[in-house]
Each structure stands twice: as structure tokens, then as C-alpha cells.
Amino acid sequence: MKYQPVIGLEVHVQLLTDTKIFCGCSTTFGSEPNSQTCPVCLGLPGALPVLNGTVVEYAIKAGLSTNCTITPRSIFARKNYFYPDLPKGYQISQFEDPICQNGWLDITLAGQEPKRIGITRIHMEEDAGKLVHGDSGMGDGSGVDLNRACTPLLEVVSEPDLRSSDEAVAYLKQLHQIVTWLGICDGNMEEGSFRCDANVSVMPVGSKTLGTRAEIKNVNSFKFVKQAIEYEILRQIDLIEDGGTVVQETRLFDPNSGKTRSMRSKEEAHDYRYFPDPDLVPLVISDQWVERSRSELPELPGQRQQRFMTDLGLLPYDAEVLTASRALSDYFEAGVAVHDNAKAVANWVMGEITRALNDSGTSIDACPVPPERLAELLKLIDNGTISGKIAKTVFDEMWKSGKAPLTIVEEQGLVQVSDSGAIEGIIDEILAANAGQVEEYRSGKEKVFGFFVGQVMKASKGKANPALVNELLVSRLKG
Ligand code: ADP
Ligand code: MG
Ligand code: ZN
């Protein structure tokens with residue numbers, strides 16, 4: 001029998017607010033354990049939560065950017081369970097009436113038509129604390145660090161619309177791109193700022209009934225999500241083929257073995273006894289509020305890609321690469337604003353700039369060559385002052401010294417030689433010194449032409465205008 005995998009993702013997005021969702025404590029990562037706590041996030045009796053308005057703003061932005069409807073009156077609920085990192089004995093979350101509902105994202109796999117993935121809901125909730133074991137600055141035993149308790153999260157729940165690990169990763173990457181683009185999440189998956197639970201099931205191809213799913217908890221890289229889903233699909237198919245049945249359970253992915261293993265079955269699953277939190281009033285969001293947020297949204301990556309293609313004539317691939325992050329596409333646009341040759345700026349940003357950033361482990365925000373300077377360099381190429389080859393030398397020097405391109409060109413005497421008399425002089429010397437190759441060329445071995453070009457460029461220290469060298473060489477050799 002053939003099987004159809006079905007996947008739905010629940011993604012936790014940690015919000016980049018300065019303070020926590022229900023108190024004024026700082027959310028800075030990596031501080032002394034329990035140094036960022038107060039009666040509210042410690043869960044002391046009688047302490048009252050107060051909702052952080054920025055969290056609501058961010059949730060609305062996320063919802064509007066993923067085509068959700070914003071719920072006019074949403075409520076907070078208590079999700080009750082016991083765990084040592086949760087001193088209140090419940091997590092404040094949303095259950096019925098979450099802030100965002102019924103959205104979607106369109107994903108496109110290489111060579112395929114776009115596919116719409118439904119987003120069931122996005123809700124706000126607080127994170128729990130962290131248990132720390134062993135040598136953690138808290139003595140030998142185990143301890144609870146409540147710095148993370150009460151930090152704001154969005155949970156983004158997809159419909160079971162994904163049909164392969166590749167679709168799941170494409171969806172996840174797009175969501176990651178949107179929340180980092182909006183500036184509401186730092187997107188750091190290693191630190192857990194963006195993490196995902198993957199629900200996976202299989203059903204016979206053509207079936208209308210979804211199979212029983214397993215939920216793989218807290219996978220924290222795109223690569224692991226792909227591996228975990230693929231392993232889980234095969235495990236379930238093998239199980240069914242061997243006459244077994246998939247049970248609904250929570251599983252953990254082990255990156256070392258590439259396998260998932262059972263953590264708890266449905267029988268052990270929690271009954272959270274959700275109920276509306278009496279300490280928090282319903283959150284009422286007016287149409288005006290939604291419309292103001294909508295008007296404040298930045299141009300989103302998909303829209304910008306489209307504009308790069310239609311207005312600037314970029315190819316789809318280039319438009320996609322250049323909108324990988326907002327900072328990169330802002331850099332590109334700042335360059336085009338100074339030098340109106342989008343194709344050239346695109347090539348340099350995707351080529352030299354990206355290479356130099358990678359080699360030096362620098363992020364685009366800290367790029368030592370500002371976009372305006374890059375644009376000046378490209379102007380020098382386009383107006384014939386320097387060749388594209390010399391431009392690479394100038395670029396390396398700009399990267400190191402921070403000097404303006406024209407300064408470097410002048411200081412190092414790199415101006416392109418476009419004086420045909422001077423170039424002819426060099427050509428004559430080269431041809432005289434290589435009579436054998438001239439003979440070969442004239443007897444029909446036109447391949448040696450490249451040799452001559454190389455020699456002339458070398459003799460001119462790379463400064464001869466390559467187009468002119470070609471033209472003059474042809475006429476000299478023919479003549
Ligand atoms: P819970 O609240 O128990 O996690 P939900 O019904 O909210 O359950 O579903 C959570 C996630 O599981 C959603 O992303 C949904 O798309 C996905 N899901 C539900 N049923 C299936 C299934 N049969 N196969 C794969 N994913 C599923
Ligand atoms: Mg779940
Ligand atoms: Zn606090």
C-alpha cells in the first residue's frame with residue numbers, strides 16, 4: 001500500500017519585548033539565574049498579572065502578516081498542570097477565542113505551483129521557567145531558574161495541510177522569515193526563540209480520514225525538523241505494514257541517532273482543565289486598532305520580492321536571495337538608490353559582499369562597506385574608470401581600510417587604460433615576444449587568443465580596458 005504523510009506544525013515564537021508578558025521584569029537572555037524575577041513571575045500568591053501592550057501589538061502584526069483575522073474580543077485561559085518550573089501550577093495561555101484565527105501562508109517548492117497552508121490560530125502565552133541540573137552556578141544539585149518564566153510567546157498552529165518534510169520546512173522557513181522581518185522575534189533557534197512541535201501521521205493514499213498522529217516536541221533547527229519528520233513517517237509506515245497501529249503520543253527527537261522515541265502516551269496526557277483566567281479581563285481590540293497596525297506593517301518579504309522582479313527587473317531567484325532578510329534587502333535597495341543598475345548591485349551583493357561576509361563571519365548589519373560605497377564602486381565600473389577585475393581589488397581594499405573607492409583607485413593608480421595607442425604598444429610587444437603563438441593563431445588555432453588577452457592584461461597590471469584589448473588584438477592578429 002502507498003501512504004500519504006500528513007503534517008501539522010505548532011510553532012513557538014519568543015517575542016522580542018524588553019519586558020515579560022505579565023510583569024515588568026527584563027527578558028534578557030543568559031543573566032544570573034532568578035535575577036530577573038518578581039512576585040508575578042515567581043508565582044507568589046496574590047500577585048496580579050498585567051498584560052504587556054507590546055505583546056498584543058506584536059501578536060496583531062504576526063496575525064496580519066499571516067492573513068489571519070484578529071479576534072475582536074479574545075480571552076486568556078489558565079492551562080493547569082504541575083511542573084517544578086511552573087510555580088503557579090498553571091500557564092496563562094489562550095484556549096477559546098485566541099487573538100488571531102484562520103490565516104494562511106503560500107509556500108512554493110522549487111519547480112512547483114504555490115500551495116496554501118492554513119493557519120488555524122495564533123495565541124499569546126507565557127513561557128515556563130527552566131530546570132537546571134549539575135554545575136550551573138546553582139550548586140551541585142538541580143535548581144529552577146525562573147528568568148524565562150513569563151516571557152512572551154506566540155504559538156502559531158497550522159492546519160494539517162503539509163504533505164512532506166520539504167513542505168513543512170518551507171512553511172517553517174517562511175514563518176521564521178516573517179517574524180524576524182517584523183522584528184518581533186530574534187529567530188535564534190539554538191537559544192529556543194523559535195521552536196516547533198511537529199504532528200505527523202500517515203494515511204493510505206486517497207483516504208479522506210487522517211491517520212493517528214504522533215507529536216514530536218521542541219525541534220529546534222530546520223535540519224532536525226526535516227530529519228524528525230522523515231524518520232517518523234517511515235516509523236509509522238513500518239509499524240502499520242507490520243500489522244501494528246500508530247498510537248497518539250508525544251515523542252522526542254534525538255539529533256544524535258536521528259530517531260524519535262516515545263515520551264508519553266495519550267493515556268498519560270494532561271487534562272489541562274482550561275478555564276478563563278479571572279485575573280485578566282477580556283482583551284478587546286477595536287477595528288481602528290487593527291487598521292492602525294495594518295497601516296504600520298512594513299513591506300513584507302513576499303511583496304518585496306514581487307517588487308524587485310516587476311520594478312527592478314530581477315530574476316525570481318535573485319529576488320528571493322536578496323529578500324532572505326530585511327537587512328540584506330535594505331542594503332541592496334540603498335545601493336540601487338545611489339547607482340541605478342539593479343542587476344549590477346544584485347550581482348555584487350550576492351557575490352562579493354556575501355562572500356566577504358561569510359569569510360569574516362560578519363552580519364550584513366555590520367558590513368564594513370556601506371551600500372553607498374559599493375554603489376560608488378559600481379559607478380566607476382559602469383563609467384569605464386576601472387575594469388570589473390580591478391574593482392575586485394579595490395573592493396578588498398575598501399573592506400580592509402574603509403576608504404572610498406575613488407580614493408583607492410587614485411592612490412594606487414588603478415584607472416583603466418582606454419588609450420588605444422598605449423594598448424597597441426603593449427600588444428605589439430607581446431606579439432613580437434610570442435612569434436610561435438602568433439603563427440599558431442594565424443594557421444587557425446584561434447584558442448591561443450585567450451593567451452594573448454591574458455598576457456596583455458598582465459603586462460598592463462590588469463588596467464587595460466578588456467573590451468578594447470579584445471578589439472585591438474583581433475585587428476592586429478588578423479592584420
Ligand atoms: P492539540 O491541542 O492536542 O495539540 P490540535 O487539534 O490543536 O491538538 O492539533 C495540533 C496540531 O496537530 C495542529 O497543527 C494540527 O494541524 C495537527 N494535526 C491534527 N491532526 C493531525 C493528523 N491526523 N496528522 C497530522 N497532524 C495533525
Ligand atoms: Mg499540541
Ligand atoms: Zn516578573
Side-chain angles (χ1 to χ4, degrees), residues 3-12 17-28 31 34-44 47-52 66 77 79 81 87-88 91-96 98 101-105 117-123 125-129 145-152 155-165 167-168 171-172 175 196-204 207-219 225 228-229 232-233 236 240 245-251 263-266 268-272 274:
Y3 295 91
Q4 172 64 65
V6 173
I7 302 141
L9 298 182
E10 295 166 274
V11 181
H12 283 98
T17 52
D18 296 333
T19 55
K20 297 184 177 181
I21 180 168
F22 298 119
C23 64
C25 294
S26 166
T27 51
T28 308
S31 308
N34 299 306
S35 62
Q36 295 165 180
T37 54
C38 72
V40 173
C41 55
L42 290 172
L44 301 188
L48 289 173
V50 177
L51 178 59
N52 179 340
T66 51
K79 179 179 181 180
Y81 65 98
K88 293 196 295 289
Q91 177 192 23
I92 306 178
S93 181
Q94 296 193 291
F95 186 55
E96 287 157 343
Q101 305 184 59
N102 300 323
W104 47 264
L105 286 179
I117 307 301
I119 292 176
T120 319
R121 55 188 279 146
I122 301 179
H123 65 253
E125 62 185 22
E126 59 178 345
D127 208 345
D145 176 7
L146 292 171
N147 283 349
R148 198 182 65 182
C150 217
T151 52
E155 181 172 335
V156 183
V157 182
S158 88
E159 288 290 300
D161 288 344
L162 300 156
R163 291 290 176 269
S164 68
S165 61
E167 287 188 4
Y171 164 84
L172 200 58
L175 188 59
C196 147
D197 301 341
N199 295 270
V200 180
S201 67
V202 299
M203 62 183 179
S207 166
K208 296 253 178 310
T209 324
L210 299 186
T212 304
R213 73 191 147 110
E215 179 182 24
I216 312 161
K217 275 281 175 203
N218 279 335
V219 199
V225 167
I229 291 173
E232 187 57 25
I233 292 169
Q236 293 184 11
I240 296 169
T245 42
V246 176
V247 294
Q248 190 172 335
E249 63 180 349
T250 304
R251 299 179 69 85
M263 187 173 116
R264 59 170 182 257
S265 71
K266 185 159 189 188
E268 306 157 59
H270 299 109
D271 175 355
Y272 294 114
Y274 281 100

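Start at 1 and go down the list; that is how both ligands and their atoms are numbered. Just so you know, these numbers come straight off a predicted model, no measurement behind them.
Checked by atom type and distance alone, the side chain of Arg148 pairs as donor or acceptor with a backbone atom of Gly129 at under 3.5 Å. Proximity of a side-chain donor or acceptor of Glu10 to a complementary backbone N or O of Asp197 within less than 3.5 Å is not detected.
Every atom of ligand 1 is numbered from 1 in the order shown, and the set under 4.0 Å from a heavy atom of Val6 is 24 (N), 25 (C). In the vicinity of Ser158, heavy-atom distances shorter than 4.0 Å reach the ligand 1 atoms 13 (C), 14 (O), 15 (C), 16 (O). Per-residue contacts place Leu9 under 4.0 angstrom from the following atoms of ligand 1 (heavy atoms of the residue considered): 14 (O). The atoms of ligand 1 that sit less than 4.0 Å from any heavy atom of Val157 are 13 (C), 14 (O).
Salt bridge annotation for Arg213-Glu215: absent, with no cationic side-chain nitrogen under 4.0 angstrom from a carboxylate oxygen.
Contact annotation: for Thr212 versus ligand 1, there are no heavy atoms closer than 4.0 Å.
Between Gly211 and ligand 1, an N or O atom pair is found at a separation short of 3.5 Å. Not a single N or O atom of Glu215, backbone or side chain, sits closer than 3.5 Å to an N or O atom of ligand 1.
For the atom pair CD1 of Ile122 and OG1 of Thr66, the computed distance is 3.5 Å after rounding to the nearest 0.5 Å. With rounding to the nearest 0.5 Å, the separation of CE in Met263 from CZ in Arg251 is 11.5 Å. One finds the CG atom of Leu105 at 10.5 Å from the CG atom of Leu172 (value rounded to the nearest 0.5 Å).
Atoms of the protein (N, O or S only) found under 2.8 Å from the Zn ion (ligand 3) are Cys23 SG, Cys25 SG, Cys38 SG, Cys41 SG.
Applying the ring pair (Phe, Tyr, Trp, His ring centres under 6.0 Å) test to Tyr171 and every residue at least two apart in sequence or in another chain returns nothing. Tyr272 meets the side chain to side chain donor-acceptor pair (under 3.5 Å) test with His270; sequence neighbours excluded. Scored by the side chain to side chain donor-acceptor pair (under 3.5 Å) test, Thr37 finds no partners at all (sequence neighbours excluded).
Of the listed residues (Gln248, Met203, Arg213, Glu159), the one carrying the non-hydrogen atom nearest atom 1 (P) of ligand 1 is Arg213.
Applying the side chain to side chain donor-acceptor pair (under 3.5 Å) test between Thr19 and each of Asn52, Thr27, Thr151 identifies Asn52 as the sole match.
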